Amino acid sequence: MAKKIELVLLLLTSLTLGACSEEQANSKPSIESKQATSSSKQATRSIEEGAIDEEALTLNTTNGQKLSLLTHEFNWNNLIISEIVAEVEEQELQLDLTWYNHTNEVAHFAEALKIQVFQNGEELTLIDYDDDLDEPLSPNDSEDVEFDYHLNNLTQPLEIKVAARNGDNAHILNIDLKE
């Protein structure tokens with residue numbers, strides 16, 4: 001009789017523990033799951049806020065290599081940069097951008113967006129740009145613009161910051177230079 005009671009108690013204990021562990025697994029996410037969710041939300045939030053760090057890119061400074069810098073479009077209220085191509089010639093960095101005006105109004109690149117290039121924490125001097133920079137762009141139209149910057153040297157990495165004119169929603173591209 002005592003063995004039957006022990007067996008019944010053992011069986012009830014097993015069933016109770018099994019039910020509790022199943023209930024716990026279904027009710028609350030684990031700490032790891034919460035951290036992964038939080039990390040995912042953080043990544044989404046940083047993209048929505050606009051501060052996007054692209055994968056570090058390497059631009060060859062000796063062979064006239066052209067390097068496409070974007071893996072996706074940058075968008076500010078339907079003003080979109082779809083492509084940025086970089087090239088180094090001598091001590092100059094040339095950036096060719098394609099931008100779209102997907103608004104219902106005429107837009108000017110110079111009034112809506114800004115490009116800054118830094119090397120070793122110092123903003124580089126813009127030495128030349130297209131006349132198209134100041135030209136009006138009709139709704140649902142695109143335009144290519146070009147910027148030329150004087151490089152301090154051909155070894156230190158570059159940081160290219162593309163933002164709305166007021167500085168909001170900056171997108172940052174990091175580029176290593178290689179001779």
Side-chain angles (χ1 to χ4, degrees), residues 40-179:
S40 171
K41 286 180 182 175
Q42 181 66 31
T44 302
R45 185 168 53 244
S46 68
I47 289 171
E48 289 170 356
E49 291 170 0
I52 299 174
D53 285 325
E54 292 291 320
E55 197 174 302
L57 302 163
T58 302
L59 179 61
N60 194 318
T61 61
T62 57
N63 67 2
Q65 170 198 15
K66 291 186 177 188
L67 179 65
S68 180
L69 304 180
L70 297 186
T71 57
H72 60 279
E73 295 178 336
F74 293 164
N75 186 340
W76 298 269
N77 298 321
N78 293 318
L79 295 175
I80 298 169
I81 293 181
S82 63
E83 182 176 39
I84 301 176
V85 176
E87 179 181 12
V88 173
E89 291 182 8
E90 298 178 17
Q91 259 332 88
E92 291 183 17
L93 170 70
Q94 179 179 334
L95 297 177
D96 294 316
L97 286 81
T98 302
W99 76 292
Y100 292 88
N101 177 9
H102 286 293
T103 69
N104 295 326
E105 300 174 8
V106 170
H108 297 77
F109 188 96
E111 293 175 5
L113 303 170
K114 70 178 177 178
I115 307 291
Q116 294 173 288
V117 180
F118 300 89
Q119 189 173 33
N120 196 28
E122 181 182 330
E123 188 170 353
L124 297 181
T125 304
L126 177 65
I127 54 176
D128 196 16
Y129 60 90
D130 273 344
D131 293 338
D132 296 337
L133 192 64
D134 298 319
E135 298 280 322
L137 186 60
S138 300
N140 299 309
D141 204 358
S142 69
E143 185 69 56
D144 294 328
V145 292
E146 181 183 311
F147 299 89
D148 295 330
Y149 294 88
H150 178 73
L151 295 171
N152 294 333
N153 59 64
L154 297 175
T155 57
Q156 292 180 313
L158 302 173
E159 180 181 279
I160 299 173
K161 181 179 177 182
V162 186
R165 177 54 60 190
N166 65 5
D168 286 349
N169 298 326
H171 295 272
I172 298 172
L173 303 164
N174 296 302
I175 303 170
D176 291 324
L177 298 180
K178 176 183 169 187
E179 290 190 78

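Everything quoted here is computed from the prediction, not taken from an experiment.
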Review point. Do L59 and L69 touch side chain to side chain, with heavy atoms closer than 4.5 Å?
Key: no

Review point. Should the heavy atoms of other residues, nucleotides or ligands under 6.0 Å from CG of N77 be counted, would the total exceed 12?
Key: no

Show me, pair by pair, the donor-acceptor contacts under 3.5 angstrom made by side chains of residues 98-110, not counting sequence neighbours?
| residue | atom | partner | partner atom | Å |
| --- | --- | --- | --- | --- |
| T98 | OG1 | D144 | OD1 | 2.7 |
| N101 | OD1 | T103 | N | 3.0 |
| N101 | OD1 | T103 | OG1 | 2.5 |
| N101 | ND2 | E105 | O | 2.8 |
| N101 | ND2 | L137 | O | 2.9 |
| N101 | ND2 | S138 | O | 3.4 |
| T103 | OG1 | E105 | N | 3.2 |
| T103 | OG1 | E105 | O | 2.9 |

Check your understanding: Could you state the interatomic distance from CD1 (I115) to CD1 (I160), rounded to the nearest 0.5 Å?
Key -> 8.0 Å

Practice item. Look at the side chain of Q156 and the backbone N and O of N120, then say whether any donor-acceptor pair between them is shorter than 3.5 Å. Key: no

**Study point:** From CD (E123) to CD (Q116), nearest 0.5 Å
**Key:** 4.5 Å

Check your understanding: Can you tell which of N169, I80, I81 makes a side chain to side chain contact (heavy atoms under 4.5 Å, CB included) with N75?
Key -> I80

Exercise for review: Could you tell me how the ring of F147 sits relative to the ring of Y149: parallel (under 30°), tilted (30 to 60°) or perpendicular (over 60°)?
Suggested key: parallel

Exercise for review: Output the distance between atom CG (L97) and atom CG (L113), rounded to the nearest 0.5 Å.
Suggested key: 9.0 Å

Check your understanding: Shortest non-hydrogen contact from V85 to K66?
Key -> CG1-CB, 3.8 Å

Revision key, fill the gap. Here the gap from E146 atom CD to D128 atom CG, rounded to the nearest 0.5 Å, amounts to 7.0 Å

Exercise for review: Let me know which of I127, L93, T125 forms a side chain to side chain contact (heavy atoms under 4.5 Å, CB included) with D148.
Suggested key: I127

Check your understanding: Can you check side-chain contact (heavy atoms from CB on, under 4.5 Å) on Q91 and H150, steps first, answer last?
Key -> CA-CA 6 Å; Q91 259 332 88; H150 178 73; 3.8 Å; yes

Check your understanding: Heavy-atom count around F118 CZ within 6.0 Å, excluding the residue itself: above 12?
Key -> yes

Practice item. With rounding to the nearest 0.5 Å, note down the distance linking CD in Q119 to CG in L151. Key: 5.5 Å

**Study point:** Check against side-chain contact (heavy atoms from CB on, under 4.5 Å), W76 and H171
**Key:** CA-CA 11 Å; W76 298 269; H171 295 272; 3.1 Å; yes

Review point. If you look at every heavy atom in A170 and K161, which pair is closest and at what distance?
Key: CB-CE, 3.6 Å

Point to revise | Value rounded to 0.5 Å, distance of OG1 in T61 from CD in E179 | key: 4.5 Å

Point to revise | Residue pair I84 / L173: nearest heavy atoms and the distance that separates them | key: CD1-CD1, 4.0 Å

